[in-house]
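Order of listing sets the numbers, starting from 1, for every ligand and every atom in it. Bear in mind the structure is a predicted one, so any value in this text is a computation, not a measurement. Along the sequence shown, residues carry numbers from 1.
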Amino acid sequence: MFQEDTLKDRHILVTGGGSGLGLAMATYFHQLGAHVALCGRRPQPLQDAADAMGERAVAIPCDVRDPEQVKAMFDELTRRWGVVDGLVNNAAGNFLSASEDLSPNAFNAVVDIVLKGTFHCTLEFGQRIIAAGTPSSNVINIVTTYTETGSSFVLPSACAKAGVLAMTNSLAVEWSTYGIRLNAIAPGPFPTEGAWSRLMPDPSIEESYKRGIPLGRYGKPEELAQCAAFLMSPMASYIQGGCITIDGGERLMAGQFNRFVQWMPRPMIKQAFEAMKPRK
Ligand code: COA
């Protein structure tokens, strides 16, 4: 689908870019010719990842919760590149907890990274693009499939990601004036080490969870990376304020009779339906 120079001359910052899905997206942007900056809190994994990519990749340690650090990161990238014209707000925090057991600090820990961190980066990005009059810039916000429905046991994340989607939609209209595109991607289950160690209690749950995904498997990081590359590219130039769900169909399982698919193999379902037909 993509030519090797699809993202040539783009300068893209990926927050949480040192591991997992952030790294997968950054690696693919880089393969498609972009300059990429990996931002994260731990310097060494970031540097290792940037070194493995080689030229056109830079590691920038930064805690997105801190607006001063975010400003310094954008200053540094502007000095190196002249412009940052692509931003992926991917840095996130999440953990499973009964909501009645959350402390105010626990709520803040997630909201500060996900919602405020996204705001800090988006604001720095937008202000600079607006001041420089840079054409063809865009932002991708990574949200979740429970952004709209909410979800048990991840209340801080559900609240923060809903806020990020509201930010995406608000700015997609407000910053269209400046030609900035903002879109979101809502990934379903992607088993990265960072997410799974916090969100999947044990292997038996993992197996039964998989049966609830219509495509019968988890997502692969490169599938998310391809989706992000599309949104980042000129091929998506008329997509504004969109949210692409990438979840193997999982979000649709609420459909009343969809669970049959999960409970029984197809021949057994058909047999059951046959037995229910009125006898003539
Ligand atoms: N259950 C309940 N509360 C928890 C928790 C858990 N699993 N993990 C942390 N907390 C609470 C802490 O108890 C603390 O609250 P307290 O001061 O009232 O005790 C608060 O959250 C802050 O914890 P701390 O470890 O100091 O926060 P941090 O800022 O260092 O870490 C997290 C932030 C908690 C989100 C951490 O998991 C993180 O940094 N994750 C980043 C990567 C990630 O989550 N990736 C997965 C994305 S899907």
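- Annotation: ring pair (Phe, Tyr, Trp, His ring centres under 6.0 Å) contacts of H11 (sequence neighbours excluded): H35, W81.
- Aromatic rings of W175 and F125 (six-membered ring for Trp) have centroids beyond the 6.0 Å cut-off, not under it.
- In the model, Y146 has a side-chain atom that pairs as donor or acceptor with a side-chain atom of S157 under 3.5 Å.
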Kindly print each ligand 1 N/O atom paired with any protein N/O atom under 3.5 angstrom away, one pair per line, or none if nothing qualifies.
from	atom 1	to	atom 2	distance (Å)
ligand 1	15 (O)	S103	OG	3.3
ligand 1	17 (O)	N105	ND2	2.9
ligand 1	18 (O)	S103	OG	2.6
ligand 1	29 (O)	R65	NH1	2.7
ligand 1	37 (O)	R198	NE	3.3
ligand 1	39 (O)	R41	NH2	2.6
ligand 1	44 (O)	N94	N	3.1
ligand 1	44 (O)	R198	NE	3.2
ligand 1	45 (N)	R198	NH1	3.4

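- Put simply, CG on L123 and CZ on F74 are 9.5 Å apart, with the number rounded to the nearest 0.5 Å.
- Side-chain polar atoms of N89 and T122 form a donor-acceptor pair below 3.5 angstrom.
- Screening T168, N183, N90 for a side-chain hydrogen bond (donor to acceptor under 3.5 Å, both in side chains) with N141, the sole residue that qualifies is T168.
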